[in-house]
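Everything on this sheet refers to the single structure shown next.
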Amino acid sequence: MKRSNVLLCCALVGLLPTACSSGGAPDPGDRSTQVDLDHLTIAVSGHAELIPEAARLLDAQGQRLPALDGLTVTLEEPWGMGVNDEHAVLGEALLGEDHAFSVPGVLVRDIHLSLAARLEHPGLVRSSTVIFDTSLTRTRPSTDISGARAWALPEAFEQALTRSIGEAAIRGHSDQRAGTLRDAGFVLGRVVDASGAPLAGAVVVPDREELASRIYYPSPDFQGAPQDGTSATGLFVYVHPGTAPESFLLSVKGNEEYGPRNVAVTPGTALVLTLSPGNDAR
């Protein structure tokens, strides 16, 4: 909890004078001296999609893909949600036929560690996709965010991930409290290169050494999940112990282009994030 409080303070005051534009890129005009982040509101827009690996798996199994039309997208602060912060929900919108969403009036001061877009519906695992991360920019957003992506996780895909890691491993990490990723809580990450293509052979490391044993790398056929690095899919999974919310930082071993990323994970939910070079959280 002490580390989380420090991170929260850092996010609130902003360690660098750099503001952020759409999607987390630096604002070339550096308007930080003109923007009051404690009273600023921004608009956030983007699209919701099934995570590509899930869509391919369900298609290969002959299963119908879940429909996303009309679902609610909720913008939230993941760490705040985990600790029951009454200000953690920052806005919501309905998905249209094109799966697009737009949320005005997002209060920037309530974005402490990160901003995420949550999807939950029967047939889907409750999941929050990180779309802005203060650890990448070392400040909160100062302009509207566009082009955000909210990834939907079908239950069948979570079940495939659970099988790839194994119930015994999940129970071991959760001291027998949970036998599935959904019950334990988990992080589903994708490591991509500068073009957005999955990166094989990447090793993801937490800033707390004792957490490293909880990271797995599902094989492309989801028949196993070794712990030596990403496969051709670039996917990795972090297994939460199923207890209190926890926060930490993740980075890619030996590659400084991938800045440390905030992670906040709680039981019963999935946090989805993409690790890419630079300071864009998407």
Side-chain angles (χ1 to χ4, degrees), residues 1-46 72-94 101-120 126-150 207 244-250 259-266 269 271-274 278-282:
M1 186 64 71
K2 290 182 178 180
R3 178 190 170 279
S4 301
N5 290 339
V6 172
L7 284 173
L8 177 61
C9 292
C10 291
L12 288 172
V13 301
L15 297 178
L16 290 181
T18 304
C20 300
S21 63
S22 300
D27 183 348
D30 189 7
R31 301 184 303 157
S32 57
T33 58
Q34 306 171 30
V35 176
D36 180 359
L37 295 181
D38 285 331
H39 298 91
L40 176 69
T41 62
I42 62 173
V44 179
S45 61
T72 299
V73 174
T74 303
L75 296 186
E76 64 183 22
E77 215 294 339
W79 177 247
M81 291 295 294
V83 297
N84 298 316
D85 182 351
E86 62 179 334
H87 302 296
V89 173
L90 303 174
E92 63 180 29
L94 294 178
F101 65 88
S102 180
V103 183
V106 175
L107 192 58
V108 167
R109 73 183 179 201
D110 291 328
I111 302 172
H112 305 313
L113 298 184
S114 57
L115 173 65
R118 170 164 46 94
L119 291 168
E120 56 180 320
R126 175 174 173 165
S127 62
S128 298
T129 304
V130 176
I131 59 179
F132 187 93
D133 188 340
T134 61
S135 73
L136 294 177
T137 59
R138 304 186 75 185
T139 188
R140 292 168 289 173
S142 64
T143 60
D144 294 346
I145 296 173
S146 61
R149 192 75 55 86
D207 64 342
E246 62 181 353
S247 68
F248 52 92
L249 294 172
L250 281 178
R261 298 290 301 278
N262 280 310
V263 172
V265 59
T266 59
T269 65
L271 185 76
V272 184
L273 70 160
T274 300
N279 63 353
D280 194 333
R282 296 169 299 171

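Every value quoted in this text rests on a predicted model; they were computed, and no experiment measured them.
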>> Checking L40 now: which residues fulfil side-chain contact (heavy atoms from CB on, under 4.5 Å) with it, not counting sequence neighbours?
In response: V35, L37, I42, V108, S142
> So, D38 and R140, do they make that salt bridge, N to O below 4.0 Å?
Replying inline: yes
>> So, taking the atom named CD1 in I111 and the one named OG1 in T139, what distance separates them when rounded to the nearest 0.5 Å?
In response: 10.0 Å
>> Tell me every residue that passes side-chain contact (heavy atoms from CB on, under 4.5 Å) with T72, counting only those two or more places apart in sequence or in another chain.
In response: T74, E92, L94
>> Quick check: closest heavy atoms across I131 and R149, and the distance to 0.1 Å?
In response: CG2-O, 3.7 Å
> Could you state the interatomic distance from CG (L75) to CG (L107), rounded to the nearest 0.5 Å?
Replying inline: 12.5 Å
>> Restricting to side-chain hydrogen bond (donor to acceptor under 3.5 Å, both in side chains), what partner residues turn up for T274, sequence neighbours left out?
In response: none
>> Just to verify, what does R118 make a salt bridge (charged side-chain N to carboxylate O under 4.0 Å, His left out) with, not counting sequence neighbours?
In response: E76, E120
>> How long is the straight-line distance from OG1 of T134 back to NE2 of H112, given to the nearest 0.5 Å?
In response: 10.0 Å
> Out of curiosity, L273 CG to D133 CG, how far, rounded to the nearest 0.5 Å?
Replying inline: 8.0 Å
>> Going by the rule side-chain contact (heavy atoms from CB on, under 4.5 Å), which residues pair with S45 if we only count those two or more places apart in sequence or in a different chain?
In response: S102, S146
> Which of these passes side-chain contact (heavy atoms from CB on, under 4.5 Å) with L271: T129, N262, T266, V130?
Replying inline: V130
>> Under the rule for side-chain contact (heavy atoms from CB on, under 4.5 Å), what residues qualify as partners of A150, not counting sequence neighbours?
In response: A48, F101, A117, L119
